[in-house]
Amino acid sequence: MADASKFKAEKRASADADPTDASRKKSKKDSAEKYNPYLAHMYDGANGNGDEPSPNSPFAGVTRRRSTAVQAEKIEDLDTNPFTGETHSQKYFQILEKRRDLPVHKQRQEFLDKYHDTQILVFVGETGSGKTTQIPQYVVYDELPHLTGKLVACTQPRRVAAMSVAQRVADEMDVRLGEEVGYSIRFEDKTGPKTMLKYMTDGMLLREAMHDHEMSRYSCIILDEAHERTLATDILMALLKQISMRRSDLKIIIMSATLDAEKFQRYFNDAPLLAVPGRTHPVEIFFTPEPERDYVEAAIRTVLQIHATEDEGDILLFLTGEDEIEDACRKISLEADELIREVDSGPLVVYPLYGTLPPHQQQRIFDKAPGPVRKGGRPGRKCIVSTNIAETSLTIDGIVYVVDPGFSKQKIYNPRIRVESLLVSPISKASAQQRAGRAGRTRPGKCFRLYTEKAYKKELIEQTYPEILRSNLANTVLELKKLGVEDLVHFDLMDPPAPETMMRALEELNYLACLDDDGELTTLGAMASEFPLDPALAVMLISSPEFYCSNEILSITALLSVPQIFMRPANNRKRADEMKAHFSHPDGDHLTLLNAYHAFKGQMTSNPDGGKQWCHEHFLSLRHLSSADNVRSQLKRIMETHGLELVSTPFEDKNYYTNIRRALLAGFFMQVAMKESSGKLYRTVKDDQAVLIHPSTVLRTEFDWVVYNEFVLTSKQYIRTCTGVRPEWLLEIAPMYYDLDSFEQPDMKRSLARAAEKKRRKEAMKSTR
DNA sequence: CGCACTCTT
């Protein structure tokens with residue numbers, strides 16, 4: 001904020017121009033000759049900090065970081081907005097009344113006292129306490145960011161949360177979103193020069209820190225939902241712990257749901273704690289007496305039993321994935337229809353809920369439960385069958401019954417074979433409590449756990465393992481290097497990952513030439529860290545101009561960063577495969593993606609309104625293609641700022657596709673597999689895993705060598721999104737990695753040696769000519 | 001012959 005002082009002067013001028021400011025009137029007389037808003041800059045620094053409010057501002061008498069709840073409430077009660085100088089709307093006072101009714105309001109002074117006494121505060125508030133909306137406002141009224149020019153930031157793990165909370169708080173403070181209160185998420189920065197309070201995703205703050213290691217724009221940083229332990233939150237905590245030692249003026253608040261408070265306190269050198277009760281209703285918990293063999297079958301049975309015997313109220317069932325959910329929905333619907341006939345029950349509407357469901361279908365879960373089938377009949381209810389999305393991201397009011405089989409799909413990382421995979425695993429106690437809590441949002445509820453009490457106590461872990469322990473850390477390590485963290489081994493993370501995971505990440509970055517042999521960031525590495533991509537993708541993109549196809553690699557990179565664009569609905573698989581064949585390129589799936597994207601762009605240029613129809617006919621996802629387009633322009637901007645050229649090989653040139661296939665190897669030379677002499681099996685380079693090419697592939701010609709985008713571990717080990725390559729390219733493009741002397745797998749070594757020999761002969765012939 | 005739990009830069 002370069003023009004902070006100008007901003008301050010304007011602010012004071014507007015506050016001064018307002019005659020209704022009661023707190024100012026008293027002091028006006030003696031300050032009239034002393035205070036001139038146009039000379040405001042001269043009065044800055046009365047206390048040496050440049051942050052003392054002027055005598056006739058609404059904040060007169062308020063000392064920064066010494067304010068009281070009474071002072072703040074008086075200012076909130078004024079007719080005029082202390083930040084904009086505008087008269088408050090009717091709505092403002094209506095909302096203010098509701099805000100004063102929130103549990104957290106009673107402890108405003110207690111919060112301020114603790115906040116004043118410490119640099120780092122742990123704040124625990126259950127759902128419904130109002131912490132996410134109120135605490136940042138309490139901080140604003142104490143930090144006076146409009147006078148200091150330093151912002152208050154509040155992070156959220158999810159974009160939608162950052163956006164919706166910012167909107168809510170802008171309404172509460174009676175300001176326009178994007179002015180005094182704003183938000184910052186990927187693809188959208190809704191903040192301005194006047195912004196004092198900024199909601200943002202945790203990943204966004206981490207990105208900012210890469211260019212401002214001291215986080216000097218902020219006077220207070222609030223990490224919300226810290227108990228979720230996202231990768232970004234964990235790194236921010238370690239970073240802030242470090243920065244707090246250098247910047248004594250920076251205040252930090254860690255906000256969390258109850259469970260792990262002590263762990264946060266201990267981590268932040270026994271930081272003080274403030275706890276605020278939530279506003280929830282009691283939930284009665286039932287366990288099964290015996291373990292269930294088939295949790296899906298048991299879940300369906302339980303839902304139907306609730307419907308037949310329990311009082312009015314909606315049901316939420318947690319299952320693990322799309323297919324399981326769709327299947328269960330069908331079965332429940334069928335059985336519920338029978339219940340109407342057999343026991344005269346009310347109607348039951350069943351809704352599936354999972355992340356990849358189109359938004360308009362997700363919206364249906366908020367529909368009202370159906371009424372009775374006939375006059376005087378029993379009332380209907382709705383049943384939502386959901387993944388974990390209903391545990392954290394989405395809250396549905398009106399849920400009275402929760403059915404919890406105790407499982408969810410979780411990401412697991414195996415550093416030995418460098419594979420991230422999804423596995424159905426038992427949930428943690430914390431998750432189980434969170435799930436149960438969903439039954440008590442509007443009135444007392446019941447939670448049916450499909451496991452025994454003994455299993456809950458003895459077998460469930462306390463907390464879900466934080467993401468940092470379940471991920472490939474190549475990207476994280478690169479970010480940390482860029483963040484200026486020199487000593488990774490002693491970087492004080494709350495839960496340090498396994499040394500092997502760290503080693504794997506360092507090794508991978510070294511092969512990609514992002515880190516040198518001493519572990520120092522290279523020029524390439526520094527540039528790669530600027531892209532919101534995994535290192536292999538970033539390196540491929542940066543190298544692509546050398547292969548005369550950066551335009552095409554840019555498109556492919558974007559397409560690989562979004563969910564699958566080819567749709568394959570269960571009832572129309574054959575037709576979908578036929579349509580995909582239109583785009584297929586015999587040499588590989590990457591090229592097929594590119595063809596589909598080019599066809600899409602062509603369509604959108606000639607007839608943008610027909611895009612939806614066209615995508616539907618071709619079984620392509622318009623949503624994911626548009627999002628790839630969005631990612632593409634963001635990446636393009638970053639390329640341009642780094643002087644990376646956007647070039648193409650002419651389409652008529654016979655090397656058009658060859659150049660692209662070669663460029664893929666510049667980033668993905670470590671993700672290559674070679675066909676075994678017998679059969680369909682491939683083996684991955686170095687890790688030596690037996691794999692099959694995923695059946696979704698377009699590859700028909702049999703390539704001895706393929707480069708692949710991902711390793712998927714499901715019923716079998718698959719490599720997905722594959723393109724054929726030639727062994728001599730491997731030797732040329734990644735000679736360090738394909739060093740024949742250190743190569744162990746004999747078949748591969750032989751094939752590579754033959755390629756090397758062939759290449760030598762060719763070159764010899766050229767030179768003798 | 002196929003299986004995207006949720007997010008994010």
Side-chain angles (χ1 to χ4, degrees), chain A residues 155-162 184-189 200-211 225 228-236 318-327 353-357 386-394 407-412 420-425 427 431 434 464 466-468 470-471 475-476 478-479 482-483 528-535 537-538 561-570 573-574 576-577 580 621 623-624 627 630-631 634-635 638 680 692-697 699 710 712-721:
Chain A
T155 68
Q156 297 292 321
R158 283 167 291 278
R159 285 194 272 187
V160 270
S184 180
I185 59 177
R186 188 182 188 184
F187 304 125
E188 199 182 2
D189 181 11
M200 64 207 300
T201 47
D202 47 14
M204 200 69 203
L205 183 58
L206 201 56
R207 280 272 132 186
E208 276 189 12
M210 286 176 26
H211 293 107
E225 315 290 358
E228 286 194 29
R229 302 291 308 275
T230 65
L231 242 171
T233 293
D234 268 19
I235 294 166
L236 281 171
F318 285 100
L319 290 179
T320 64
E322 178 175 337
D323 284 4
E324 195 179 85
I325 286 170
E326 293 290 357
D327 201 41
L353 177 63
Y354 43 87
T356 48
L357 207 63
S386 170
T387 61
N388 254 357
I389 193 170
E391 197 181 300
T392 48
S393 312
L394 267 167
F407 293 96
S408 72
K409 262 189 199 174
Q410 289 168 32
K411 187 171 75 178
I412 312 272
E420 280 183 351
S421 53
L422 285 169
L423 203 69
V424 174
S425 327
I427 59 169
S431 263
Q434 179 75 14
T464 309
E467 199 183 0
I468 199 166
R470 299 184 284 121
S471 309
N475 202 5
T476 305
L478 185 64
E479 276 172 9
K482 175 72 186 184
L483 283 160
S529 73
E530 298 283 332
F531 290 89
L533 295 169
D534 276 339
L537 280 169
S561 315
V562 299
Q564 184 66 253
I565 59 162
F566 296 110
M567 312 231 288
R568 203 161 179 272
R573 286 182 184 157
K574 204 169 155 233
D577 290 346
K580 185 178 169 186
S621 162
R623 215 152 46 96
H624 298 155
S627 126
N630 219 350
V631 172
Q634 187 193 23
L635 297 176
I638 302 174
K680 280 187 155 39
L692 286 165
I693 295 187
H694 196 275
S696 64
T697 190
L699 279 180
E710 62 182 335
V712 279
L713 187 64
T714 52
S715 50
K716 292 180 182 127
Q717 300 199 85
Y718 290 108
I719 49 176
R720 190 160 54 186
T721 312

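Convention: sequence-line order gives letters A, B, ...; per-chain numbering from 1.
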Practice problem: Can you tell me the distance, in whole Å, between the CD1 atom of Ile719(A) and the P atom of dC1(B)? | Solution: 17 Å
Quiz item: What nucleic acid atoms does Arg159(A) come within less than 4.0 Å of, heavy atoms only: base, sugar-phosphate, or nothing?
Solution: sugar-phosphate
Practice problem: Using whole Å, report how far CG of Leu205(A) lies from P of dC7(B). | Solution: 21 Å
Exercise. Ignoring backbone atoms, establish whether His694(A) has a side-chain N or O less than 4.0 Å from OP1 or OP2 of dC3(B).
Key: yes
Quiz prompt | Salt bridge Arg158(A)-Glu225(A), side-chain N to carboxylate O under 4.0 Å | solution = no
Quiz prompt | Asp577(A) vs Thr387(A), nearer the 5' end of DNA chain B by closest nucleotide | solution = Asp577(A)
Quiz prompt | Protein-nucleotide distance (Glu420(A), atom CD; dT6(B), atom P), rounded to Å | solution = 15 Å
Exercise. Pick base, sugar-phosphate or nothing for Pro563(A), based on heavy-atom distances below 4.0 Å to the nucleic acid.
Key: nothing
Exercise. List the atom of Gln156(A), the atom of Ala161(A), and the distance in Å for their closest heavy-atom pair.
Key: OE1-CB, 3.9 Å
Quiz prompt | Side chain of Tyr718(A) - closest among dT6(B), dA4(B), dC3(B) | solution = dC3(B)
Quiz item: Are the side chain of Lys409(A) and the backbone N or O of Asn388(A) linked by a donor-acceptor pair below 3.5 Å?
Solution: no
Quiz item: Separation of Lys680(A) atom NZ from dC1(B) atom P, in whole Å?
Solution: 9 Å
Quiz item: Quick one: Leu422(A) CG to dC3(B) C1', roughly how many Å, whole number?
Solution: 10 Å
Self-check item: Nearest-Å distance once atom C1' is located in both dC1(B) and dC5(B)
Solution: 24 Å
Self-check item: Atom-pair distance (CD1 on Ile468(A); P on dT6(B)), nearest Å
Solution: 22 Å
Quiz prompt | Side chain of Glu479(A) - closest among dC7(B), dT9(B), dC3(B) | solution = dT9(B)
Quiz item: How is Leu206(A) classified with respect to the nucleic acid when contacts are heavy atoms under 4.0 Å: base, sugar-phosphate, or nothing?
Solution: nothing
Exercise. Compare side-chain N and O positions of Thr201(A) against OP1 and OP2 of dT9(B) and report whether any pair is under 4.0 Å apart.
Key: yes
Quiz item: What's the closest nucleotide to the Asp323(A) side chain, out of dT8(B), dC3(B), dT9(B)?
Solution: dC3(B)
Exercise. Please tell me which of the listed nucleotides, dC3(B), dC7(B), dC5(B), lies nearest to the side chain of Glu467(A)?
Key: dC7(B)
Quiz item: Just checking Gln410(A): base, sugar-phosphate only, or nothing, at a heavy-atom cut-off of under 4.0 Å?
Solution: nothing
Quiz item: Can you list the residues that meet the salt bridge (charged side-chain N to carboxylate O under 4.0 Å, His left out) rule with Glu322(A), with sequence neighbours excluded?
Solution: none
Quiz item: Looking for any heavy atom pair under 4.0 Å, which part of the strands does Glu324(A) touch: base, sugar-phosphate only, or nothing?
Solution: nothing
Exercise. Grab the CD-P distance between Glu710(A) and dC3(B) for me, whole Å please.
Key: 10 Å
Quiz item: Taking CD from Glu326(A) and C1' from dA4(B), how many angstroms apart are they, rounded to a whole number?
Solution: 13 Å
Practice problem: With sequence neighbours left out, write down each residue that passes side-chain hydrogen bond (donor to acceptor under 3.5 Å, both in side chains) with Arg229(A), or none if nothing qualifies. | Solution: Asp234(A), Asp495(A)
Practice problem: Select base, sugar-phosphate, or nothing to describe what Thr320(A) touches, counting heavy atoms under 4.0 Å on all strands. | Solution: sugar-phosphate
Quiz item: Which listed nucleotide (dC1(B), dC5(B), dT9(B)) is nearest to the side chain of Asn475(A)?
Solution: dT9(B)
Quiz item: Would you find a donor on one side and an acceptor on the other, under 3.5 Å apart, between the side chain of Arg470(A) and the backbone of Lys411(A)?
Solution: yes
Quiz item: When all nucleic acid strands are considered with a 4.0 Å heavy-atom cut-off, which category describes Phe531(A): base, sugar-phosphate, or nothing?
Solution: nothing
Exercise. Under 4.0 Å between any heavy atoms, over every strand shown, what does Arg158(A) touch: base, sugar-phosphate, or nothing? Just pick one.
Key: sugar-phosphate
